[in-house]
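By convention in this document, chain letters (A, B, ...) are assigned in the order of the sequence lines, proteins followed by strands, and residues within each chain are numbered from 1.
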2 protein chains.
Amino acid sequence: MSVTVNARILDMSRWEPDARGRMIRAAMELFAERGFEQTTAGDIAESAGVTERTFFRHFADKREVLFDGSEDMRRVTREAILAAPSEASPLDAALAGVTAGGGLLKDRRAHAVRRSAIIEANPALQERELLKLAGMAVTAAEALRERGTPEPDATLAAQSAVTVFQVAFARWVAEDDAADPAARIAETAAALRALR
Amino acid sequence: MSVTVNARILDMSRWEPDARGRMIRAAMELFAERGFEQTTAGDIAESAGVTERTFFRHFADKREVLFDGSEDMRRVTREAILAAPSEASPLDAALAGVTAGGGLLKDRRAHAVRRSAIIEANPALQERELLKLAGMAVTAAEALRERGTPEPDATLAAQSAVTVFQVAFARWVAEDDAADPAARIAETAAALRALR
DNA sequence: AGAGTTGATGTCAGTAACTGTCATAACCTG
DNA sequence: CAGGTTATGACAGTTACTGACATCAACTCT
(Lines give C-alpha, C1' and ligand atoms only; values in the text may rest on other atoms or scores of the structure.)
Protein backbone atom coordinates (compact mmCIF):
# COMPACT_ATOMS: atom_id res chain seq x y z
CA MET A 1 0.00 0.00 0.00
CA SER A 2 2.69 2.43 1.00
CA VAL A 3 4.65 1.25 -2.03
CA THR A 4 1.81 2.08 -4.39
CA VAL A 5 1.35 5.50 -2.86
CA ASN A 6 5.03 6.33 -3.10
CA ALA A 7 5.17 5.24 -6.69
CA ARG A 8 2.28 7.56 -7.44
CA ILE A 9 3.92 10.46 -5.69
CA LEU A 10 7.11 10.07 -7.63
CA ASP A 11 5.06 9.85 -10.77
CA MET A 12 3.12 13.00 -10.11
CA SER A 13 5.39 15.04 -12.34
CA ARG A 14 4.40 13.13 -15.43
CA TRP A 15 0.74 13.53 -16.28
CA GLU A 16 0.83 17.31 -15.87
CA PRO A 17 4.22 18.77 -15.12
CA ASP A 18 3.92 20.64 -11.84
CA ALA A 19 0.40 22.02 -12.10
CA ARG A 20 0.61 22.99 -8.46
CA GLY A 21 3.87 24.86 -8.92
CA ARG A 22 2.42 26.65 -11.94
CA MET A 23 -0.54 27.84 -9.90
CA ILE A 24 1.76 29.11 -7.16
CA ARG A 25 3.95 30.99 -9.60
CA ALA A 26 0.98 32.39 -11.48
CA ALA A 27 -0.59 33.59 -8.23
CA MET A 28 2.59 35.35 -7.08
CA GLU A 29 2.87 37.00 -10.45
CA LEU A 30 -0.71 38.21 -10.58
CA PHE A 31 -0.88 39.27 -6.92
CA ALA A 32 2.29 41.33 -7.39
CA GLU A 33 0.95 42.93 -10.56
CA ARG A 34 -2.68 43.72 -9.76
CA GLY A 35 -2.93 42.97 -6.08
CA PHE A 36 -4.62 40.16 -4.17
CA GLU A 37 -8.21 41.34 -4.31
CA GLN A 38 -8.04 42.31 -7.96
CA THR A 39 -6.99 38.77 -8.85
CA THR A 40 -9.73 36.14 -9.02
CA ALA A 41 -9.17 32.47 -8.41
CA GLY A 42 -10.24 31.99 -12.02
CA ASP A 43 -7.48 34.32 -13.19
CA ILE A 44 -4.85 32.26 -11.43
CA ALA A 45 -6.26 29.00 -12.73
CA GLU A 46 -6.45 30.23 -16.30
CA SER A 47 -2.94 31.61 -16.11
CA ALA A 48 -1.76 28.20 -14.89
CA GLY A 49 -3.71 26.33 -17.54
CA VAL A 50 -6.21 24.62 -15.24
CA THR A 51 -9.80 25.19 -14.16
CA GLU A 52 -10.91 27.14 -11.14
CA ARG A 53 -12.18 23.91 -9.63
CA THR A 54 -8.73 22.40 -9.84
CA PHE A 55 -7.26 25.41 -8.09
CA PHE A 56 -9.58 24.82 -5.15
CA ARG A 57 -8.73 21.15 -5.10
CA HIS A 58 -5.10 22.05 -4.49
CA PHE A 59 -5.60 24.97 -2.11
CA ALA A 60 -8.22 25.23 0.60
CA ASP A 61 -8.79 28.87 -0.29
CA LYS A 62 -7.34 31.65 -2.40
CA ARG A 63 -4.90 32.70 0.31
CA GLU A 64 -3.38 29.28 0.84
CA VAL A 65 -1.58 29.43 -2.48
CA LEU A 66 0.94 31.76 -0.81
CA PHE A 67 1.60 29.47 2.16
CA ASP A 68 2.75 26.28 0.59
CA GLY A 69 5.98 25.82 2.53
CA SER A 70 4.56 26.36 5.99
CA GLU A 71 4.04 22.70 6.82
CA ASP A 72 7.68 21.99 6.09
CA MET A 73 8.75 24.84 8.30
CA ARG A 74 6.59 23.55 11.11
CA ARG A 75 8.05 20.11 10.78
CA VAL A 76 11.65 21.32 10.69
CA THR A 77 11.06 23.57 13.68
CA ARG A 78 9.64 20.70 15.66
CA GLU A 79 12.47 18.37 14.80
CA ALA A 80 15.14 20.92 15.70
CA ILE A 81 13.55 21.47 19.09
CA LEU A 82 13.48 17.77 19.78
CA ALA A 83 17.09 17.49 18.62
CA ALA A 84 18.33 20.29 20.86
CA PRO A 85 20.65 19.25 23.71
CA SER A 86 18.67 18.31 26.77
CA GLU A 87 20.57 20.87 28.86
CA ALA A 88 19.28 23.68 26.63
CA SER A 89 16.75 25.95 28.30
CA PRO A 90 13.22 25.98 26.85
CA LEU A 91 13.87 29.36 25.26
CA ASP A 92 17.15 28.19 23.76
CA ALA A 93 15.54 25.06 22.38
CA ALA A 94 12.65 27.05 20.91
CA LEU A 95 15.08 29.49 19.33
CA ALA A 96 17.03 26.60 17.85
CA GLY A 97 13.73 25.46 16.38
CA VAL A 98 12.82 28.70 14.67
CA THR A 99 16.40 29.16 13.53
CA ALA A 100 16.23 25.82 11.77
CA GLY A 101 12.82 26.74 10.36
CA GLY A 102 14.16 30.05 9.12
CA GLY A 103 17.03 28.22 7.50
CA LEU A 104 14.57 26.91 4.90
CA LEU A 105 14.30 30.44 3.54
CA LYS A 106 18.01 31.10 3.23
CA ASP A 107 18.25 30.10 -0.41
CA ARG A 108 15.02 31.74 -1.41
CA ARG A 109 15.52 35.31 -0.33
CA ALA A 110 14.16 36.85 -3.52
CA HIS A 111 11.01 34.77 -3.26
CA ALA A 112 10.63 35.60 0.43
CA VAL A 113 10.98 39.32 -0.22
CA ARG A 114 8.43 39.26 -3.02
CA ARG A 115 6.03 37.24 -0.94
CA SER A 116 6.39 39.51 2.08
CA ALA A 117 5.54 42.56 0.02
CA ILE A 118 2.37 40.89 -1.22
CA ILE A 119 1.30 39.85 2.25
CA GLU A 120 2.08 43.20 3.80
CA ALA A 121 -0.23 44.85 1.29
CA ASN A 122 -3.30 42.84 2.34
CA PRO A 123 -4.88 42.35 5.75
CA ALA A 124 -6.54 39.10 4.75
CA LEU A 125 -3.14 37.68 3.90
CA GLN A 126 -1.70 39.02 7.13
CA GLU A 127 -4.40 37.13 8.97
CA ARG A 128 -3.39 33.90 7.33
CA GLU A 129 0.27 34.54 8.07
CA LEU A 130 -0.56 35.13 11.71
CA LEU A 131 -2.48 31.86 11.80
CA LYS A 132 0.51 30.02 10.37
CA LEU A 133 2.86 31.62 12.90
CA ALA A 134 0.45 30.74 15.68
CA GLY A 135 0.45 27.19 14.41
CA MET A 136 4.22 27.19 14.50
CA ALA A 137 4.12 28.38 18.10
CA VAL A 138 1.67 25.65 19.01
CA THR A 139 3.90 23.02 17.43
CA ALA A 140 6.96 24.44 19.15
CA ALA A 141 5.21 24.44 22.51
CA GLU A 142 4.18 20.84 21.91
CA ALA A 143 7.77 19.85 21.17
CA LEU A 144 8.98 21.64 24.29
CA ARG A 145 6.43 19.77 26.36
CA GLU A 146 7.72 16.51 24.93
CA ARG A 147 11.14 17.60 26.20
CA GLY A 148 9.66 18.03 29.65
CA THR A 149 8.98 21.75 29.76
CA PRO A 150 5.82 22.42 31.80
CA GLU A 151 3.11 25.00 31.10
CA PRO A 152 3.02 27.93 30.93
CA ASP A 153 6.74 27.93 30.19
CA ALA A 154 6.39 25.87 27.03
CA THR A 155 3.85 28.22 25.49
CA LEU A 156 5.70 31.34 26.63
CA ALA A 157 9.06 30.16 25.33
CA ALA A 158 7.57 28.96 22.05
CA GLN A 159 5.67 32.16 21.48
CA SER A 160 8.71 34.24 22.41
CA ALA A 161 10.81 32.37 19.88
CA VAL A 162 8.20 32.95 17.20
CA THR A 163 8.16 36.64 18.07
CA VAL A 164 11.93 36.71 17.67
CA PHE A 165 11.53 34.96 14.36
CA GLN A 166 8.99 37.51 13.15
CA VAL A 167 11.11 40.51 14.05
CA ALA A 168 14.31 38.94 12.72
CA PHE A 169 12.62 37.88 9.51
CA ALA A 170 11.29 41.38 8.90
CA ARG A 171 14.78 42.79 9.34
CA TRP A 172 16.30 40.13 7.12
CA VAL A 173 13.79 40.92 4.37
CA ALA A 174 14.47 44.64 4.67
CA GLU A 175 18.23 44.19 4.33
CA ASP A 176 20.07 44.93 1.13
CA ASP A 177 22.68 42.21 1.38
CA ALA A 178 21.68 38.62 1.92
CA ALA A 179 23.08 37.62 5.29
CA ASP A 180 22.00 34.39 6.93
CA PRO A 181 18.67 34.81 8.72
CA ALA A 182 20.19 32.94 11.66
CA ALA A 183 22.43 35.92 12.41
CA ARG A 184 19.42 38.22 12.71
CA ILE A 185 17.63 35.71 14.89
CA ALA A 186 20.57 35.56 17.29
CA GLU A 187 20.74 39.36 17.50
CA THR A 188 17.02 39.68 18.08
CA ALA A 189 17.05 36.95 20.70
CA ALA A 190 19.77 38.84 22.56
CA ALA A 191 17.62 41.97 22.47
CA LEU A 192 14.66 40.03 23.84
CA ARG A 193 16.69 38.63 26.70
CA ALA A 194 17.97 42.11 27.53
CA LEU A 195 14.42 43.33 28.18
CA ARG A 196 13.67 43.88 31.84
CA MET B 1 -18.60 69.77 14.61
CA SER B 2 -17.72 67.51 17.47
CA VAL B 3 -20.89 68.75 19.16
CA THR B 4 -23.09 67.64 16.29
CA VAL B 5 -21.48 64.24 16.18
CA ASN B 6 -21.85 63.71 19.89
CA ALA B 7 -25.49 64.74 19.80
CA ARG B 8 -26.04 62.11 17.10
CA ILE B 9 -24.29 59.45 19.05
CA LEU B 10 -26.34 60.11 22.14
CA ASP B 11 -29.45 60.08 20.00
CA MET B 12 -28.68 56.81 18.33
CA SER B 13 -30.76 54.89 20.79
CA ARG B 14 -33.98 56.54 19.67
CA TRP B 15 -34.89 55.80 16.06
CA GLU B 16 -34.10 52.12 16.38
CA PRO B 17 -33.14 51.04 19.86
CA ASP B 18 -29.65 49.55 19.62
CA ALA B 19 -29.80 47.82 16.29
CA ARG B 20 -26.08 47.21 16.48
CA GLY B 21 -26.31 45.64 19.91
CA ARG B 22 -29.17 43.45 18.74
CA MET B 23 -27.08 42.15 15.88
CA ILE B 24 -24.19 41.39 18.19
CA ARG B 25 -26.40 39.52 20.63
CA ALA B 26 -28.19 37.67 17.86
CA ALA B 27 -24.88 36.62 16.34
CA MET B 28 -23.51 35.31 19.64
CA GLU B 29 -26.71 33.39 20.17
CA LEU B 30 -26.75 31.82 16.72
CA PHE B 31 -23.02 31.09 16.58
CA ALA B 32 -23.25 29.35 19.94
CA GLU B 33 -26.28 27.31 18.85
CA ARG B 34 -25.49 26.25 15.30
CA GLY B 35 -21.87 27.31 14.88
CA PHE B 36 -20.28 30.09 12.88
CA GLU B 37 -20.37 28.54 9.43
CA GLN B 38 -23.92 27.27 9.80
CA THR B 39 -25.11 30.80 10.50
CA THR B 40 -25.56 33.12 7.53
CA ALA B 41 -25.32 36.88 7.73
CA GLY B 42 -28.96 36.91 6.68
CA ASP B 43 -29.87 34.75 9.67
CA ILE B 44 -28.26 37.22 12.05
CA ALA B 45 -29.88 40.18 10.37
CA GLU B 46 -33.31 38.61 10.38
CA SER B 47 -32.95 37.63 14.00
CA ALA B 48 -32.05 41.24 14.81
CA GLY B 49 -34.89 42.65 12.74
CA VAL B 50 -32.81 44.31 10.04
CA THR B 51 -31.73 43.54 6.49
CA GLU B 52 -28.58 41.72 5.51
CA ARG B 53 -27.37 44.92 3.87
CA THR B 54 -27.69 46.75 7.17
CA PHE B 55 -25.63 44.07 8.88
CA PHE B 56 -22.79 44.67 6.45
CA ARG B 57 -23.07 48.41 6.93
CA HIS B 58 -22.32 47.94 10.62
CA PHE B 59 -19.69 45.21 10.33
CA ALA B 60 -17.02 44.93 7.68
CA ASP B 61 -17.58 41.20 7.51
CA LYS B 62 -19.38 38.39 9.28
CA ARG B 63 -16.55 37.86 11.74
CA GLU B 64 -16.32 41.45 12.88
CA VAL B 65 -19.57 41.15 14.78
CA LEU B 66 -17.63 39.26 17.46
CA PHE B 67 -14.91 41.88 17.81
CA ASP B 68 -16.76 45.01 18.69
CA GLY B 69 -14.82 45.99 21.80
CA SER B 70 -11.36 45.65 20.33
CA GLU B 71 -10.94 49.30 19.42
CA ASP B 72 -11.67 50.29 22.98
CA MET B 73 -9.16 47.81 24.25
CA ARG B 74 -6.53 49.14 21.90
CA ARG B 75 -7.19 52.70 23.01
CA VAL B 76 -7.08 51.84 26.72
CA THR B 77 -3.89 49.86 26.27
CA ARG B 78 -2.24 52.75 24.50
CA GLU B 79 -3.30 55.27 27.11
CA ALA B 80 -2.08 53.11 29.98
CA ILE B 81 1.31 52.74 28.36
CA LEU B 82 1.63 56.47 27.90
CA ALA B 83 0.50 57.01 31.49
CA ALA B 84 3.03 54.60 32.95
CA PRO B 85 5.80 56.16 35.05
CA SER B 86 8.71 57.18 32.91
CA GLU B 87 11.07 55.07 35.01
CA ALA B 88 9.15 51.93 34.08
CA SER B 89 11.00 49.56 31.73
CA PRO B 90 9.50 49.02 28.26
CA LEU B 91 8.27 45.59 29.30
CA ASP B 92 6.72 46.95 32.49
CA ALA B 93 5.01 49.73 30.61
CA ALA B 94 3.69 47.32 27.98
CA LEU B 95 2.42 44.99 30.69
CA ALA B 96 0.68 47.90 32.38
CA GLY B 97 -0.97 48.54 29.03
CA VAL B 98 -2.35 45.07 28.51
CA THR B 99 -3.36 44.87 32.16
CA ALA B 100 -5.47 47.98 31.69
CA GLY B 101 -6.84 46.57 28.43
CA GLY B 102 -7.70 43.31 30.14
CA GLY B 103 -9.47 45.27 32.85
CA LEU B 104 -12.21 46.03 30.34
CA LEU B 105 -13.19 42.37 30.48
CA LYS B 106 -13.37 42.07 34.24
CA ASP B 107 -17.10 42.75 34.49
CA ARG B 108 -17.99 40.67 31.45
CA ARG B 109 -16.55 37.32 32.31
CA ALA B 110 -19.59 35.33 31.19
CA HIS B 111 -19.61 37.08 27.85
CA ALA B 112 -15.85 36.59 27.45
CA VAL B 113 -16.11 32.89 28.19
CA ARG B 114 -18.96 32.39 25.74
CA ARG B 115 -17.15 34.34 23.06
CA SER B 116 -13.91 32.44 23.59
CA ALA B 117 -15.65 29.14 23.09
CA ILE B 118 -17.13 30.34 19.81
CA ILE B 119 -13.79 31.59 18.55
CA GLU B 120 -11.92 28.50 19.62
CA ALA B 121 -14.28 26.40 17.55
CA ASN B 122 -13.49 28.17 14.28
CA PRO B 123 -10.16 28.83 12.56
CA ALA B 124 -11.52 31.79 10.60
CA LEU B 125 -12.43 33.46 13.88
CA GLN B 126 -9.06 32.59 15.34
CA GLU B 127 -7.45 34.35 12.42
CA ARG B 128 -9.41 37.48 13.15
CA GLU B 129 -8.54 37.31 16.82
CA LEU B 130 -4.87 37.00 15.96
CA LEU B 131 -5.16 40.04 13.71
CA LYS B 132 -6.70 42.03 16.54
CA LEU B 133 -3.99 40.94 18.95
CA ALA B 134 -1.35 41.85 16.38
CA GLY B 135 -3.00 45.25 16.05
CA MET B 136 -2.84 45.63 19.80
CA ALA B 137 0.87 44.81 19.72
CA VAL B 138 1.44 47.37 16.99
CA THR B 139 -0.37 50.04 18.98
CA ALA B 140 1.56 49.13 22.11
CA ALA B 141 4.87 49.29 20.27
CA GLU B 142 3.87 52.68 18.89
CA ALA B 143 3.11 53.94 22.37
CA LEU B 144 6.41 52.62 23.68
CA ARG B 145 8.23 54.42 20.91
CA GLU B 146 6.49 57.63 21.89
CA ARG B 147 7.94 57.04 25.35
CA GLY B 148 11.39 56.83 23.83
CA THR B 149 11.86 53.06 23.52
CA PRO B 150 13.89 52.28 20.39
CA GLU B 151 13.41 49.37 18.00
CA PRO B 152 13.55 46.45 18.20
CA ASP B 153 12.89 46.76 21.92
CA ALA B 154 9.52 48.45 21.45
CA THR B 155 8.18 45.69 19.22
CA LEU B 156 9.68 42.92 21.34
CA ALA B 157 8.33 44.31 24.60
CA ALA B 158 4.91 45.01 23.08
CA GLN B 159 4.65 41.57 21.55
CA SER B 160 5.85 39.94 24.76
CA ALA B 161 3.18 41.76 26.72
CA VAL B 162 0.52 40.63 24.26
CA THR B 163 1.77 37.06 24.58
CA VAL B 164 1.46 37.34 28.35
CA PHE B 165 -2.04 38.70 27.87
CA GLN B 166 -3.03 35.78 25.65
CA VAL B 167 -1.78 33.14 28.04
CA ALA B 168 -3.19 34.89 31.09
CA PHE B 169 -6.54 35.44 29.39
CA ALA B 170 -6.80 31.78 28.45
CA ARG B 171 -6.17 30.80 32.06
CA TRP B 172 -8.61 33.36 33.35
CA VAL B 173 -11.30 32.04 31.02
CA ALA B 174 -10.62 28.47 32.06
CA GLU B 175 -10.93 29.26 35.76
CA ASP B 176 -14.00 28.40 37.77
CA ASP B 177 -13.99 31.38 40.10
CA ALA B 178 -13.84 34.88 38.72
CA ALA B 179 -10.56 36.37 39.89
CA ASP B 180 -9.29 39.61 38.45
CA PRO B 181 -7.51 39.02 35.13
CA ALA B 182 -4.77 41.36 36.36
CA ALA B 183 -3.66 38.71 38.84
CA ARG B 184 -3.18 36.14 36.09
CA ILE B 185 -1.31 38.66 33.99
CA ALA B 186 1.12 39.35 36.82
CA GLU B 187 1.72 35.64 37.37
CA THR B 188 2.26 34.99 33.70
CA ALA B 189 4.59 37.96 33.38
CA ALA B 190 6.68 36.57 36.20
CA ALA B 191 6.89 33.24 34.40
CA LEU B 192 7.98 34.97 31.22
CA ARG B 193 10.72 36.86 33.01
CA ALA B 194 11.92 33.65 34.63
CA LEU B 195 12.63 32.12 31.20
CA ARG B 196 16.31 31.91 30.37
C1' DA C 1 -4.03 -8.12 -23.72
C1' DG C 2 -8.26 -6.82 -21.30
C1' DA C 3 -11.18 -5.46 -17.25
C1' DG C 4 -11.39 -3.03 -13.22
C1' DT C 5 -9.39 0.52 -10.14
C1' DT C 6 -7.50 4.79 -8.83
C1' DG C 7 -6.36 9.73 -8.99
C1' DA C 8 -6.41 14.15 -11.21
C1' DT C 9 -9.12 16.84 -13.84
C1' DG C 10 -13.20 19.17 -16.31
C1' DT C 11 -18.11 20.64 -16.25
C1' DC C 12 -21.96 22.53 -14.22
C1' DA C 13 -25.10 24.02 -10.86
C1' DG C 14 -25.70 26.10 -6.39
C1' DT C 15 -24.92 28.76 -1.91
C1' DA C 16 -23.41 32.60 0.63
C1' DA C 17 -20.29 36.53 1.47
C1' DC C 18 -19.97 40.64 0.30
C1' DT C 19 -20.52 45.42 -2.76
C1' DG C 20 -22.60 49.25 -5.49
C1' DT C 21 -26.58 51.95 -6.42
C1' DC C 22 -30.78 54.14 -5.83
C1' DA C 23 -34.85 55.36 -3.20
C1' DT C 24 -37.03 56.60 1.22
C1' DA C 25 -37.98 58.20 5.69
C1' DA C 26 -36.54 60.42 10.08
C1' DC C 27 -33.87 63.74 11.93
C1' DC C 28 -31.14 68.11 12.49
C1' DT C 29 -29.89 72.74 11.23
C1' DG C 30 -30.74 77.21 9.92
C1' DC D 1 -40.37 75.04 6.33
C1' DA D 2 -36.24 74.02 3.07
C1' DG D 3 -32.10 71.48 2.71
C1' DG D 4 -28.62 68.47 4.13
C1' DT D 5 -27.36 64.35 6.75
C1' DT D 6 -27.95 59.48 8.40
C1' DA D 7 -29.75 54.90 8.82
C1' DT D 8 -32.12 51.87 6.34
C1' DG D 9 -34.48 48.91 2.62
C1' DA D 10 -34.60 46.97 -1.99
C1' DC D 11 -32.19 44.87 -5.62
C1' DA D 12 -28.78 43.48 -8.81
C1' DG D 13 -24.16 41.79 -9.46
C1' DT D 14 -19.51 39.61 -8.54
C1' DT D 15 -16.67 36.22 -6.52
C1' DA D 16 -15.21 32.66 -3.24
C1' DC D 17 -16.06 28.38 -2.53
C1' DT D 18 -18.65 23.39 -2.66
C1' DG D 19 -20.96 19.10 -4.25
C1' DA D 20 -22.08 15.84 -7.86
C1' DC D 21 -21.09 13.60 -11.91
C1' DA D 22 -18.39 12.46 -16.15
C1' DT D 23 -13.92 11.63 -18.32
C1' DC D 24 -9.41 10.13 -19.12
C1' DA D 25 -4.88 8.24 -18.34
C1' DA D 26 -1.99 5.33 -15.67
C1' DC D 27 -1.62 1.37 -12.93
C1' DT D 28 -3.06 -3.43 -11.16
C1' DC D 29 -4.40 -7.84 -11.54
C1' DT D 30 -5.36 -11.79 -13.98
task = Test B/D43 against B/K62 for salt bridge (charged side-chain N to carboxylate O under 4.0 Å, His left out), laying out the working first.
result = CA-CA 11 Å; B/D43 291 338; B/K62 201 176 119 186; over 6 Å; no
Could you give the [atom1]-to-[atom2] distance, from [X] to [N], as a whole number of Å?
X	N	atom1	atom2	value
B/R22	D/dA7	CZ	P	15 Å
B/F59	C/dA16	CZ	P	21 Å
A/R63	D/dC17	CZ	P	7 Å
B/Q38	D/dT18	CD	P	13 Å
B/E37	C/dT15	CD	C1'	13 Å
A/E46	D/dT15	CD	C1'	15 Å
A/D61	C/dC18	CG	P	13 Å
B/D43	C/dT15	CG	C1'	12 Å

- request: Would you indicate, yes or no, if D/dT15 has its OP1 or OP2 atom less than 4.0 angstrom from a side-chain nitrogen or oxygen of A/T40?
  value: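 No, A/T40 has no side-chain N/O under 4.0 Å of OP1/OP2 on D/dT15.
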message: With a 4.0 Å cutoff (strictly under), does any side-chain N or O of A/H58 reach OP1 or OP2 of C/dT9?
response: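 The answer is yes; a side-chain N or O of A/H58 sits under 4.0 Å from OP1 or OP2.
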When every non-hydrogen atom of A/I118 is compared with those of A/L66, the smallest separation belongs to CG2-CD1, 3.8 Å
Would you mind telling me which of C/dC18, D/dA10, C/dT9 lies closest to the side-chain atoms of B/E52?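 Within the option list, the nearest is C/dC18.
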Among D/dA16, C/dG10, C/dA17, the nucleotide that comes nearest once only the side chain of B/K62 is considered:
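When the side chain of B/K62 is considered, C/dA17 is the closest of D/dA16, C/dG10, C/dA17.
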- Item | Residue pairs passing the salt bridge (charged side-chain N to carboxylate O under 4.0 Å, His left out) test where at least one lies in residues 83-103 of chain A, sequence neighbours excluded |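 Non-adjacent pairs meeting salt bridge (charged side-chain N to carboxylate O under 4.0 Å, His left out): A/D92-A/R193.
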- Do other residues, nucleotides or ligands put more than 12 heavy atoms under 6.0 Å from B/E64 CD? yes
Practice problem: Specify the residue among A/A41 and A/R53 whose closest nucleotide of DNA chain D lies further upstream toward the 5′ end. | Solution: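 In this pair, the answer is A/A41.
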- prompt: Are B/R115 and B/F67 in a cation-pi setup, meaning NZ or CZ lies under 6.0 angstrom from the ring centre and within 45 degrees of the ring axis?
  reply: yes
message: Determine whether A/L30 and A/F36 satisfy the following criterion, side chain to side chain contact (heavy atoms under 4.5 Å, CB included), listing intermediate values before the conclusion.
response: CA-CA 8 Å; A/L30 293 171; A/F36 176 76; over 6 Å; no
Double-helix bend of the helix from C/dA1-D/dT30 to C/dG30-D/dC1, axes at both ends from 5 pairs, round to 10°, gives 20°
### Task
With sequence neighbours excluded, tell me which residues meet salt bridge (Lys or Arg N to Asp or Glu O under 4.0 Å) with B/R147.
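B/R147 satisfies salt bridge (Lys or Arg N to Asp or Glu O under 4.0 Å) with no residue once adjacent residues are dropped.
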Quick one: does A/R57 reach the base of C/dG7 with a side-chain donor-acceptor pair under 3.5 Å?
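Side chain to base: no pair present.
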